[in-house]
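In listed order, ligands and their atoms are each counted from 1.
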Amino acid sequence: MRTVVNSLPVFETERLMMRGVTLADAPAYARHFVDYAVVSELAATVPWPYPEGGVADYITTQILPHQGKDKWVWGLFLKDKPDDLPEELIGTVDLWRACTPENRGFWLGRKFWGKGLMTEAVTPVMDYAFDHLGFEKLFFSNALGNERSRRVKEKTGARLLYNAPKAFVNPAYTQHEIWELTKEEWRTHRAQKA
Ligand SMILES: CC(C)(COP(=O)(O)OP(=O)(O)OC[C@H]1O[C@@H](n2cnc3c(N)ncnc32)[C@H](O)[C@@H]1OP(=O)(O)O)[C@@H](O)C(=O)NCCC(=O)NCCS
């Protein structure tokens with residue numbers, strides 16, 4: 001039986017605990033997210049400079065009312081932390097029903113990049129999307145030039161479909177790449193990795 005917190009199942013991977021984001025996570029979320037290295041890779045709809053209190057507003061208005069309904073936002077927490085320190089959100093994986101044209105987004109605090117953590121984090125989310133939420137396919141997107149995000153897609157078996165114009169916080173990006181992963185492709189990929 002899965003543990004469910006705030007309408008979302010709790011996932012454990014080798015190095016991460018993942019659970020639904022709450023308002024209490026806002027300070028840690030802001031500490032790691034409000035960083036141009038992170039935000040510059042996101043769609044131009046994200047404001048920069050990032051407003052004071054923006055993360056708490058975002059959690060309150062854009063995450064909590066939708067959590068477990070048409071959106072699923074898991075906070076990422078390192079399992080390996082000293083017992084006397086509180087758990088600290090270091091990133092999120094966001095999944096949503098509407099294809100906009102993508103169904104997923106993610107970010108991780110800069111000091112945690114390049115250790116395979118996001119590749120680890122998206123795995124239970126895709127299992128859940130295909131096995132429990134009824135998705136038959138998922139679409140992903142990243143700025144053309146965002147090689148880290150692109151690699152996460154490549155490493156998890158997604159297929160590049162096409163490029164299209166899109167504005168990002170970093171004005172040097174002018175296009176995004178759209179990827180697809182079907183349930184069948186994910187199963188095959190999982191079996192090959194096993
Ligand atoms: C994208 C992001 C979530 C990746 O997280 P991560 O935990 O570092 O990802 P992983 O370590 O699982 O995989 C990253 C891959 O990119 C590779 N990589 C890192 N820097 C790279 C570069 N400059 N060029 C090409 N590949 C690079 C890594 O080597 C790794 O691949 P490998 O395992 O084959 O070596 C993180 O960089 C991030 O939060 N960036 C800012 C926000 C963002 O881009 N969000 C996504 C928007 S679409």
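- To the nearest 0.5 Å, atom CH2 of residue W113 and atom CE of residue M118 are 10.5 Å apart.
- Atoms of ligand 1 found under 4.0 Å from any heavy atom of K115 (numbered from 1 in listed order, with element): 11 (O).
- Within ligand 1, the atoms closer than 4.0 Å to a non-hydrogen atom of F106 are 1 (C), 3 (C), 43 (C), 45 (N), 46 (C), numbered from 1 in the order shown.
- A salt bridge between E185 and K137 is absent, with no side-chain N of the basic residue lying under 4.0 Å from a carboxylate O of the acidic one.
- Remark: ligand 1 atoms within the under-4.0 Å shell around heavy atoms of W107 are 39 (O).
- Nearest protein neighbour of atom 5 (O) of ligand 1, counting heavy atoms only, is M118 CB, 3.3 Å.
- Of all protein heavy atoms, the one lying nearest to atom 13 (O) of ligand 1 is K155 NZ, 3.0 Å.
- Contacts between S141 and ligand 1, counted as non-hydrogen atom pairs separated by less than 4.0 Å, involve the backbone only.
- The protein heavy-atom contact nearest to atom 22 (C) of ligand 1 is E147 CB, 4.1 Å.
- Two rings, from W107 and Y29, have their centers less than 6.0 Å apart.
- Regarding atom 34 (O) of ligand 1, its nearest protein heavy-atom neighbour is R151 NH2, 2.7 Å.
- Of the protein's heavy atoms, none falls inside 4.0 Å of atom 29 (O) of ligand 1.
- Nearest to atom 38 (C) of ligand 1 among the protein's heavy atoms is W113 NE1, 3.3 Å.
- Residues F11 and W74 place their aromatic rings such that the two centres sit under 6.0 Å apart.
- Using a 4.0 Å threshold on non-hydrogen atoms, atom 36 (C) of ligand 1 counts as touching the protein.
- Distance from atom 18 (N) of ligand 1 to its nearest protein heavy atom, with residue and atom name: R148 CG, 3.9 Å.
- Nearest to atom 12 (O) of ligand 1 among the protein's heavy atoms is T119 OG1, 2.5 Å.
- Distance check, rounded to the nearest 0.5 Å: CD of E102 to CG of L138 gives 11.5 Å.
- Using 4.0 Å as the threshold, A121 has no heavy atom nearer than that to any atom of ligand 1.
- If you check which protein heavy atom lies closest to atom 11 (O) of ligand 1, you get G116 N, 2.7 Å.
- Salt bridge annotation for E147-R151: absent, with no cationic side-chain nitrogen under 4.0 angstrom from a carboxylate oxygen.
- Salt-bridge formation is not detected for the pair K81/E88: no Lys NZ or Arg NE/NH1/NH2 atom is positioned less than 4.0 Å from an Asp or Glu carboxylate oxygen.
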